[in-house]
Amino acid sequence: TVSRPMGLRGKQQQGTSRIPSQFHKEERVAMKEALKGAIQIPTVSFSPKESNTTALAEFGEYIRKVFPTVFSTSCVQHEVVGEYSHLFTVQGLDPSLQPYMLLAHFDVVPASEEDWEVPPFSGLERDGFIYGRGTLDNKNSVMAILQALELLLIRNYIPRRSFFIALGHDEEVSGMNGAQKISALLQARGIQLAFLVDEGSFIVDGFIPSLKKPFAMISVSEKGAINLMLQVNMTPGHSSAPPKETSIGILAAAVSRLEQAPMPNMFGSGSLKTTLQHLANEFPFPTNLILSNLWLFQPLVSRMMERNYVTNAMVRTTIALTMFNAGVKVNVIPSTAQATMNIRIHPAQTVQEVLELVKNIVADDRVQFHVLSAFDSLPVSPSDDQALGYQLLHQTIRSVFPEVSVVTPGICIGNTDSRHFTNLTTGIYRFNPLYLQPQDFSSVHGINEKISVQAYETQVKFIFELIQNADTYQRPVSDLHEL
Ligand SMILES: CCCCCCCC/C=C\CCCCCCCC(=O)NCC(=O)O
Ligand SMILES: [Zn+2]
Ligand SMILES: [Zn+2]
């Protein structure tokens, strides 16, 4: 079924006139140049303790320079939180309306220069694309949110509904110093949010071979995670007379067992089932019938989902080996070997259950387990007709991307700063108004990350529209009758 945004009637609210999302040539040039400048600042998070703080501070100066109206308009207050993160409070005209939040982050993962076609912090434009680390994850959102607000304020728009813009500086390494502190600050002020919009999902295109049309997936939850370090200690010694087993060999065998034994397929108890049911009619025969009758074909579909990395990540807990350390010299048998892995937990499992499974697969008492950090999957946000945030996104997708016929709830396989805001709202939505194809997904944390100039302009337009839609929302007629 293709659900329609039932809660919204698209009618103008008295006193607020609609501003068309049309930008003239000079504005469009300025907005892409502003994004390029943001990409050129290497705001890299290396680890929770190591980031490029000079660049983080420079980024703060940069946004002041390119968005002067945001920083000088009286209805917008700006605060720096946790040294480098930014919180903007945009005061709306109607205090009876519950505020919402637009969330994004401007730190990025490292990028090694030699692998890229263009230098990753150059922000170079080539063939209609702006290249660089952060063009999709997530400086595009940071800049588009501020750009949309700048353009609205220049046009003398005064919002009716208050909203916050929160820009985190350490999302790629936990968000503890940025998003978490912003959340605590707002909680101390007694703020509750109507909803929140963050990065995390897209208009997805080409991830399922027989589905030819792109669809918008709004992630209403995200997977849990464990950062786990395995360690083996053995007696060190001379490499000329090695023991039968070394710390490296024991650990390598343990992690190999983990790679060879995937966690169970949880398709039957996950939200991917709901997502596919929403999409069933978009598939050709016989897939449409198969997806409409999951009671019968669930085993078949759950196996189909395992065929590519992304849909596989949606049906099970995944384990990625990301760091491996041992040894200091070629003729010295090391005492210690360490392997660190990043586990993403399917919502149908808990941290404890997954740790038990991992221990049973390793099945070697010489391997020590050190949990570096862990959290369960996030609560599922509402996506029904009454869910304001979901319906506003739905409405805005329909108007900005009229060619997209299906909007569906889904799960985010990555983690986002939004998980720090569960104390402020039950309506957490992860959606980037951009098309994403498998090769784009590979570039996120990978090489040659890029955004088309046209896609970035559309992202600005989307936020420009979303802010105005949040001001013109009217409760459904059925609700009003009940009053
Ligand atoms: C039928 C379903 C097909 C679905 C295809 C899904 C396509 C992929 C959509 C979203 C990709 C997830 C992006 C994740 C962004 C996470 C941001 C991030 O890097 N956070 C840090 C971290 O997770 O470590
Ligand atoms: Zn991100
Ligand atoms: Zn990221």
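Both counts, for ligands and for their atoms, begin at 1 and track the order of listing. Please read these numbers as outputs of a predicted model, since none were measured by experiment.
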Any N or O of Thr416 closer than 3.5 Å to N or O of ligand 1: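 There is no such contact.
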Backbone or side-chain N or O of Asn415 under 3.5 Å from ligand 1 N or O: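 Yes; the residue has a nitrogen or oxygen that sits under 3.5 Å from a nitrogen or oxygen of the ligand.
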Can you pull out the closest protein heavy atom to [atom]? Residue, atom name and distance to 0.1 Å, please.
{"atom": "atom 11 (C) of ligand 1", "answer": "Phe441 CE1, 3.6 Å"}
{"atom": "atom 7 (C) of ligand 1", "answer": "Val204 CG1, 3.5 Å"}
{"atom": "atom 6 (C) of ligand 1", "answer": "Val310 CG1, 3.7 Å"}
{"atom": "atom 15 (C) of ligand 1", "answer": "Gly200 CA, 4.3 Å"}
{"atom": "atom 4 (C) of ligand 1", "answer": "Met314 SD, 3.7 Å"}

Option whose closest heavy atom lies nearest to atom 1 (C) of ligand 1, chosen from Asn138, Ile208, Leu436: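 Comparing heavy atoms across Asn138, Ile208, Leu436, the nearest one to atom 1 (C) of ligand 1 lies in Ile208.
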Arg344, His445, Glu172: member with heavy atom nearest to atom 24 (O) of ligand 1: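 Heavy atom nearest to atom 24 (O) of ligand 1 belongs to Arg344.
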Minimum-distance atom from the Zn ion (ligand 2) among N, O or S atoms of Asp137: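 It is OD1, the N, O or S atom of Asp137 closest to the Zn ion (ligand 2).
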Any N, O or S atom of Glu199 closer than 2.8 Å to the Zn ion (ligand 2):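 Within the cut-off used here (under 2.8 Å), Glu199 does place an N, O or S atom near the Zn ion (ligand 2).
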Close approach, Glu171 and ligand 1, non-hydrogen under 4.0 angstrom: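 Glu171: in contact with ligand 1 (<4.0 Å).
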Contact with ligand 1 for Leu272, non-hydrogen, under 4.0 angstrom: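 For ligand 1, residue contact (heavy atoms, under 4.0 Å) with Leu272 is present.
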Do the two ring centres, one from [X] and one from [Y], sit under 6.0 Å apart?
{"X": "His278", "Y": "Phe215", "value": "no"}
{"X": "Phe106", "Y": "Tyr84", "value": "no"}
{"X": "Phe88", "Y": "Phe67", "value": "no"}
{"X": "His169", "Y": "His105", "value": "no"}

Atom nearest to the Zn ion (ligand 3) - Glu172, N, O or S atoms considered: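 When I compare the N, O and S atoms of Glu172, OE2 is nearest to the Zn ion (ligand 3).
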Ion pair [X]/[Y], N-O distance below 4.0 Å:
{"X": "Arg430", "Y": "Glu222", "answer": "yes"}
{"X": "Arg189", "Y": "Glu79", "answer": "yes"}
{"X": "Lys213", "Y": "Glu403", "answer": "no"}

Under 4.0 Å to a heavy atom of Glu199 - the qualifying atoms of ligand 1, by number: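 Selected atoms, number and element: 17 (C).
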Sub-4.0 Å atoms of ligand 1 with respect to non-hydrogen atoms of Phe207: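 Per the distance check, 5 (C), 7 (C).
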Minimum heavy-atom distance Met31-Tyr456, with the two atoms named: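 Closest approach of Met31 to Tyr456, heavy atoms only: O-CE2, 3.5 Å.
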Shortest non-hydrogen contact between His420 and Ala179, atoms and distance: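 Nearest heavy atoms, His420 then Ala179: CD2-CB, 3.8 Å.
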Ligand 1 versus Val444: contacting region, heavy-atom distance under 4.0 Å: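 Under 4.0 Å from ligand 1, Val444 contributes no heavy atoms.
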Side-chain heavy atoms of Met266 within contact of Val315, under 4.5 Å: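 Of all side-chain heavy-atom pairs linking Val315 with Met266, none is under 4.5 Å.
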Residue Glu171, metal the Zn ion (ligand 3), N/O/S under 2.8 Å: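 So Glu171 does not count as coordinating the Zn ion (ligand 3).
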Parallel, tilted or perpendicular, as decided by the 30° and 60° cut-offs, for the rings of Tyr435 and Phe401: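 Rings of Phe401 and Tyr435: perpendicular, over 60°.
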